[in-house]
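Just so we're clear, the structure is a prediction, and the values are computed from it rather than from any experiment. Note that these values count all heavy atoms, side chains included, but never hydrogens, waters or copies made by symmetry. First the proteins, then the strands, lettered A, B, ... as listed; each starts at 1.
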2 protein chains.
Amino acid sequence: MPAEDIQQLSLHCSDCPIRHRAVCARCESTELDRLEEIKYYRSFEAGQTVIWSGDKMDFVASVVSGIATLTQTLEDGRTQMVGLLLPSDFVGRPGRDSAAYNITATTDIVMCCFRKKPFEELMLRTPHIGQRLLEMTLDELDAAREWMLLLGRKTAREKIASLLAIVARRDAAIQLRVAQGQLAFDLPLTREAMADYLGLTLETVSRQISALKRDGVIELEGKRHVTVPDFDRLLCEAGDDSDGGFLV
Amino acid sequence: MPAEDIQQLSLHCSDCPIRHRAVCARCESTELDRLEEIKYYRSFEAGQTVIWSGDKMDFVASVVSGIATLTQTLEDGRTQMVGLLLPSDFVGRPGRDSAAYNITATTDIVMCCFRKKPFEELMLRTPHIGQRLLEMTLDELDAAREWMLLLGRKTAREKIASLLAIVARRDAAIQLRVAQGQLAFDLPLTREAMADYLGLTLETVSRQISALKRDGVIELEGKRHVTVPDFDRLLCEAGDDSDGGFLV
DNA sequence: CGATAAGTTGACTCATATCAAGCCCAGTGG
DNA sequence: CCACTGGGCTTGATATGAGTCAACTTATCG
C-alpha cells in the first residue's frame, strides 16, 4: 500500500492495517478515540534516517507500513543492527527522552506517531496499552536472544540460512502464499544491511549466498528474489533444532 | 547473605533485600499483601539447573540473592548465554507455560516464586506490577541489544574488557566501594561461562585475560580476583564510546 | 553513454578455534 | 601424610573461517 494512500485512508484507527497487531491491538473503541486524538502520521523515504541515536525523541510510534532498522555503532564505524522494524512494531520507549539507536528507513515507510507526553499519560489510564506493550516487548526480547545465539555461535553459512528462513517465514505468514513447499520471496535488505544484521562483512554475505545457490539450497533470480525449493533443507542449514523459532 | 537467613528473614516483603528493585517495587502495602499470599521461596546450589528449556514452568520468580544464567544451545552443543540473572531480576514469562531457556545457578541462589496462574490474575488487577515488569523488560531489551553489538562486532579483547567493565560497574554500584579510582572485584563466572557469554572459546578468554594482565590493564590475584588500576583505560579497551552503558 | 551504487569474485592475511599438554589447588581416601 | 583425582585454568602449535583489499560485473539513472 503506497504511503500516500495510508495517510489518507487511515484517518480512522478502525481502518488501520495494523489495528490488531500494534500497541493499540487491545484497545476498545473509546480507548481508540483517545489515541486518535493524539496521533499523527509521518512518512520517510527509503534510505532516510528517522532519528539518530542520542537525539531528542519526543514521540513514540508504530510502523504502519514499510521496513526500518535499528542500529548501534562503535566510534570507529563498526555497526550492528539490533532490530528490524516491521509493520505493527513499536518504536521508542515511554519514559526515555532521547533515542537509544539509529533508526533508518530501508523502504519507504509510514509511521503512526504519538507525542510522548500525552501517550505516557494515556498509558497510565489505559491498562490495555501497557499490557500490549509488555507483550510486544517480551516478544522482542525473545527475538533479541535468539539473535544473540546466532551472533555468538553460528557460522557465516548458518547465519545466512537463518536470515533467509526468517524472511521466508514472515513472508509466508503475511502473504499466505503457502505454495506447496516451494517458497519464494524478495530480500528486503541490501547485502550490506544483511551483513550488519548478521555480524559479517558484505563480502562474506555475498560469498555465502553464492555458496547456498551453488549447493542448490536456494535459487536466485536477480539479486534479491529468492526461491527455496526445500524449506526443511534450509532450516537444516540454519542449524536450529527442527522448529527454530516462531512465526513473526 | 546466606540462603538460610533469607528464607527466614524475608517472610515479610517489607524486609526483603530486593524490595525496591524487583517486580514488586512499585506495589503499595495492600498489594504487597496479595503477593505475600502467593509467594514461596526456593533455593538452588551453585551448579544446579533451575529449569531446562522446554520444560513445563508453572511459576515466575524474582532472584533474591545469588547469580544465575540464561542459556540457549544448538543441538551440537554450542551454547550461548543470553542473560545473566542478578538479584531483583525477574524469571519467566506471564502467559507462557514452558521455559524458553536453560536456567542454571552459578552461585547458591534464592528465588522468590509465584505460581504463574495466580500471579497473572494478580497482574490484571494490579497495574503497578505490570508497569514495573514493562520497565524491567525494556531495560533487559536494551541490555540484550548492547550485547548484540558486542557479539557481532567486538574483538575478543574488547569483549573481555567490556565484560570486566560491566562486572566492575555493577560491583561498584552495589558495594559502594568507590575506592578512589581503584576498583577491585571477584569474577562471578568461570572462564567457560565467560566464553559462553561472549561467544568465544574458553581458551581465547584465558589468553585475552592474560594479555590484559600483561599489558597492565588489570591485575589478578588468584584466578578470580581482579583489580583495575585505571577504569578509563579499561573502558577504552572495551571500545565503547566514553560512557558505554549505564549502571546495572 | 558515463557515472554511481550494488553485488561478485579472487588472492591473501589474520584472529580466533581447535587440539593437545601441562599446571595449580582443593578434596578424598588409603 | 601422601598419592591420586578432577576441575578450573593456562599455554603452545597448528588449522581454518572470515576479514581485508582490490578488481571486476551489473543494473540503474541522469
Side-chain angles (χ1 to χ4, degrees), chain A residues 45-48 69 74 76-80 104 106-107 150-164 186-215 218-226 237 239, chain B residues 45-48 69 74 76-80 104 106-107 150-164 186-215 218-226 237 239:
Chain A
E45 290 173 16
Q48 264 189 306
T69 63
L74 265 12
D76 62 6
R78 282 176 285 175
T79 102
Q80 175 66 49
T104 312
T106 66
T107 65
L150 176 146
L151 289 172
R153 294 304 188 190
K154 288 190 178 179
T155 64
R157 172 182 263 241
E158 289 169 334
K159 287 178 177 181
I160 297 288
S162 301
L163 178 59
L164 293 175
D186 284 310
L187 285 169
L189 302 171
T190 65
R191 299 289 187 261
E192 185 177 24
M194 288 188 245
D196 285 343
Y197 206 155
L198 301 170
L200 297 170
T201 58
L202 99 219
E203 293 95 328
T204 298
V205 170
S206 184
R207 274 188 251 274
Q208 295 299 336
I209 288 181
S210 298
L212 288 175
K213 177 181 165 189
R214 194 161 49 243
D215 298 346
I218 58 171
E219 285 153 27
L220 278 183
E221 190 179 332
K223 309 298 186 187
R224 297 292 193 88
H225 192 79
V226 179
E237 292 284 355
Chain B
E45 289 173 16
Q48 264 190 306
T69 63
L74 266 11
D76 62 6
R78 282 175 284 175
T79 103
Q80 175 65 50
T104 312
T106 66
T107 66
L150 176 146
L151 290 172
R153 295 304 188 189
K154 288 191 178 178
T155 64
R157 173 182 264 242
E158 288 169 335
K159 287 178 176 180
I160 297 287
S162 301
L163 177 60
L164 293 175
D186 284 311
L187 285 169
L189 302 172
T190 65
R191 300 290 187 259
E192 185 177 24
M194 289 188 244
D196 285 343
Y197 207 155
L198 301 170
L200 297 170
T201 58
L202 102 217
E203 293 96 329
T204 299
V205 169
S206 183
R207 274 187 248 274
Q208 294 300 334
I209 288 180
S210 298
L212 287 175
K213 177 181 166 189
R214 194 161 48 243
D215 298 346
I218 58 172
E219 285 152 26
L220 279 182
E221 189 179 334
K223 310 298 186 185
R224 297 291 193 90
H225 192 78
V226 179
E237 293 284 354

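The overall bend of the helix from C/dC1-D/dG30 to C/dG30-D/dC1, read as the angle between its terminal helix axes built from five base pairs each, is 20° when rounded to 10 degrees.
Nearest approach of A/Glu45 to A/Gln48, heavy atoms of both residues: N-OE1, 2.6 Å. Summarising the geometry of A/Tyr197 relative to A/Leu151, their closest heavy-atom pair is O-CD2, 3.7 Å, with the distance given to 0.1 Å. Pairing each heavy atom of B/Ser162 with each of B/Lys154, the nearest pair is OG-NZ, 2.9 Å.
For the pair B/His225 NE2 and D/dC9 P, the interatomic distance rounds to 16 Å; values are reported in whole Å. Rounding to whole angstrom units, CD of residue A/Glu158 and P of D/dG17 are separated by 12 Å. Between the CG atom of A/Asp196 and the P atom of D/dA18 there is a distance of 17 Å, rounded to whole Å. Atom CD1 of B/Ile209 is separated from atom C1' of D/dG8 by 12 Å (rounded to the nearest Å). Rounded to an integer number of Å, the gap from A/Leu220 CG to C/dA6 P is 18 Å.
Ion pair B/Arg78/A/Glu158 flagged as a salt bridge, since at least one NZ, NE, NH1 or NH2 atom sits closer than 4.0 Å to an Asp/Glu carboxylate oxygen. Salt bridge A/Glu237/A/Arg157: present, at least one basic N to carboxylate O contact under 4.0 Å.
In this structure, the side chains of A/Arg153 and B/Asp196 come closer than 4.5 Å at one or more pairs of heavy atoms. Counting only heavy atoms from C-beta outward, the side chains of B/Thr190 and B/Arg224 approach each other to under 4.5 Å.
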Taking distance alone, no hydrogens or angles, what donor-acceptor pairs closer than 3.5 Å link side-chain atoms of residues 199-209 of chain B to residues at least two apart or in another chain?
{"residue": "B/Thr201", "atom": "OG1", "partner": "B/Thr204", "partner atom": "N", "Å": "3.3"}
{"residue": "B/Thr201", "atom": "OG1", "partner": "B/Thr204", "partner atom": "OG1", "Å": "3.0"}

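Within 4.0 Å of B/Ser206, counting heavy atoms only, lies at least one base atom of the nucleic acid.
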Exercise. Do nucleotides 12-24 of chain C as a string where each nucleotide becomes B, S or -: B if the base has a protein heavy atom under 4.0 Å, S if just the sugar-phosphate does, - if no protein is that close.
Key: ----SSBB-----
